[in-house]
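One structure is given below, encoded as structure tokens.
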Amino acid sequence: MMSRGGTRMALSMMSHIGPRYFSTMHPVTGNKVGFLHGNSMRGSEKAVVTWIRYFSVMISRNASTMTLSEKEQNDQDDQKKVRSCSITTPSGGNNNKGVVSYWGIQPPKVTKEDGTPWRWNCFMPWETYKADLSIDLKKHHAPVTLLDKVAYWTVKALRVPTDLFFQRRYGCRAMMLETVAAVPGMVGGMLLHCKSLRRFEHSGGWIKALLEEAENERMHLMTFMEIAKPKWYERALVFAVQGIFFKAYFITYLLSPKLAHRIVGYLEEEAIHSYTEFLKELDEGNIENVPAPAIAIDYWRLPQDSTLKDVVMVVRADEAHHRDVNHFASDIHYQGQQLKECPAPLGYH
């Protein structure tokens, strides 16, 4: 006969392994060999077998019930998340389809000062500003050193094919100019970022300053896209010019940052000249002074009745600020210092 301790141990073991091995077990019949001792089944052994069958069935049922209830609860939680995370594209976007986010990410509900919804996804109200139109547009860095002269005449040489291709189509010219002008800030910021990681050092804010410049130039492009609709061959030209210029500027910045920044400084001087000619054409009536695009009104905080002329003026002021920043960066290198040693002019548009 089984002892009381043995019976307890058997019950404990069978409660754990019963669902796996004995869920379909039946008492042994025939020669009535004992299940536990190899002898005939006694009353206590029959009781053990009966309780094993009972507990195995109950444990299996409870496990199935718990699994099902947990699954249903998880499904309900997921459905609640999906319902609560339905995202609708703000007005001013390209579509109005709702986007369902499984990850619970929702765009911020941004409004203007007057309480109306903010309609742009590409920039936020705190990234807008009023352009400083009082900046000196006639400042010029006279090339003195050999590298300065290389930078100056390189830019002058690049202007020749641009004038031949666009002539007086200043809207398309500005659009093409901005696809190139947005490259140097991104390349410089990227290389400074990698340098900061390699050397475990700060950048003095120059990474952010150059990326701000690149973003500002890109917003110029987004603005002129609303005014000048590029033709297919002009779009193809952008691919070629950007691909060549990106690689050339990347290599130049690796070899000589002071030359790279000086080139951009002179490019911005040429941009100021191009936008000044653009304004002359608007004043003479050769180009229609259409209402300013909505994106420009919000980005530069222009009056609602602003025109294309107002947009060109603020863009030209931005280019003048970029001219100053890049000539300043080049001067820092010429004086034998690193950019990190001099605080960057953040927010200097």
Side-chain angles (χ1 to χ4, degrees), residues 89-94 107-108 110 112-113 117-133 135 137 170-190 205-230 234-235 238 241-242 245-246 249 264-265 267-268 270-272 274-276 278-279 282 290-304 306-326 344-349:
T89 304
S91 59
N94 294 330
V110 184
K112 292 184 179 180
E113 295 178 355
W118 184 255
R119 51 183 169 176
W120 309 107
N121 293 330
C122 52
F123 65 99
M124 293 291 118
W126 51 86
E127 297 173 333
T128 63
Y129 63 97
K130 285 185 175 293
D132 179 17
L133 300 180
I135 189 171
L137 299 173
Y170 286 102
C172 294
R173 184 192 186 104
M175 181 193 61
M176 176 63 69
L177 180 67
E178 299 302 343
T179 62
V180 174
V183 170
M186 180 60 65
V187 172
M190 176 187 65
W206 280 95
I207 296 174
K208 187 174 182 180
L210 294 177
L211 294 181
E212 279 184 353
E213 177 186 315
E215 175 64 12
N216 184 248
E217 296 283 9
R218 192 185 66 84
M219 289 304 299
H220 294 176
L221 174 62
M222 297 298 102
T223 298
F224 284 112
M225 282 289 295
E226 301 292 327
I227 299 170
K229 303 299 182 182
E234 291 172 337
R235 290 178 177 270
V238 169
V241 172
Q242 190 182 84
F245 184 75
F246 183 95
Y249 190 80
V264 178
L267 280 174
E268 301 296 357
E270 292 299 326
I272 294 170
S274 296
Y275 284 118
T276 300
F278 197 163
L279 288 172
L282 287 169
V290 298
I295 190 172
I297 292 175
D298 287 340
Y299 184 68
W300 283 284
R301 302 178 189 171
L302 297 173
Q304 292 297 321
S306 297
T307 61
L308 176 58
K309 180 178 179 180
D310 299 315
V311 174
V312 175
M313 290 179 66
V314 295
V315 171
R316 184 177 63 171
D318 285 348
E319 305 293 3
H321 285 87
H322 299 161
R323 170 203 63 191
D324 295 349
V325 170
N326 282 276
L346 292 172
Y348 183 73
H349 290 292

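Between Ala320 and Leu137, the closest heavy-atom pair is CB-CD2, 3.9 Å. Counting all heavy atoms, side chain and backbone alike, Pro184 lies closest to Val264 at CB-CG2, 3.5 Å. Across all their heavy atoms, Gly265 and Arg323 have their closest contact at O-CG, 3.8 Å. When all heavy atoms of Ala214 and Gly185 are compared, the pair lying nearest together is CB-C, 3.9 Å. A pairwise comparison of heavy atoms in Ile272 and Arg316 identifies O-CD, 3.9 Å as the closest pair.
Between the CE atom in Met219 and the CH2 atom in Trp300 there is a gap of 6.5 Å [rounded to 0.5 Å]. With rounding to the nearest 0.5 Å, the separation of CE in Met313 from OG1 in Thr307 is 9.5 Å. One finds the OG1 atom of Thr128 at 3.5 Å from the CZ atom of Arg301 (value rounded to the nearest 0.5 Å). Atom CD of residue Glu217 and atom OG1 of residue Thr179 lie 10.5 Å apart, to the nearest 0.5 angstrom. Taken from SG in Cys122 to CD in Glu127, the straight-line distance is 9.0 Å, to the nearest 0.5 Å. Once rounded to the nearest 0.5 Å, the distance linking CE of Met222 with CD of Glu178 reads 10.0 Å.
Between Trp120 and Asp298, the closest side-chain pair of non-hydrogen atoms falls below 4.5 Å. Residues Trp206 and Pro345 meet the side-chain proximity criterion, which asks for heavy atoms closer than 4.5 Å. Between His220 and Glu319, some side-chain heavy-atom pair lies under the 4.5 Å cut-off. Between Leu282 and Val312, some side-chain heavy-atom pair lies under the 4.5 Å cut-off. Side-chain contact between Ile295 and Met225 is absent, with no heavy atoms from C-beta onward closer than 4.5 Å. Asp324 has its side chain within reach of Ile135: a pair of non-hydrogen atoms, C-beta onward, lies under 4.5 Å apart. The side-chain heavy atoms of Val311 and Ser306, taken from C-beta on, include no pair separated by under 4.5 Å. A heavy-atom distance below 4.5 Å is found between the side chains of Val314 and Leu302.
In the model, Tyr129 has a side-chain atom that pairs as donor or acceptor with a side-chain atom of Asp318 under 3.5 Å.
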Let me see the working for Leu177 and Tyr275 under side chain to side chain contact (heavy atoms under 4.5 Å, CB included), right down to the final yes or no. CA-CA 11 Å; Leu177 180 67; Tyr275 284 118; 4.2 Å; yes

Evaluate the side chain to side chain contact (heavy atoms under 4.5 Å, CB included) criterion for residues Phe224 and Val315: first the C-alpha distance (whole Å), next the side-chain angles of each, then the deciding distance (0.1 Å), finally the verdict. CA-CA 10 Å; Phe224 284 112; Val315 171; 4.2 Å; yes

Assess whether side chain to side chain contact (heavy atoms under 4.5 Å, CB included) is satisfied between Gln242 and Val180, documenting all intermediate values. CA-CA 6 Å; Gln242 190 182 84; Val180 174; 5.9 Å; no

For side chain to side chain contact (heavy atoms under 4.5 Å, CB included), just list the numbers for Glu212 and Asn216, CA-CA rounded to whole Å, side-chain angles, deciding distance to a tenth of an Å, and then say yes or no. CA-CA 6 Å; Glu212 279 184 353; Asn216 184 248; over 6 Å; no

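Checking Val290, Leu279, Thr223 one by one against Leu308, the side-chain contact (heavy atoms from CB on, under 4.5 Å) holds for a single residue, Val290.
Remark: the backbone N or O of Phe123 is paired with a side-chain donor or acceptor of Trp118 at under 3.5 angstrom.
Residues satisfying the ring-ring contact (aromatic ring centres under 6.0 Å, His included) criterion with His322, sequence neighbours excluded, are absent altogether. Under the salt bridge (Lys or Arg N to Asp or Glu O under 4.0 Å) criterion, Lys208 pairs with no residue at all, not counting sequence neighbours.
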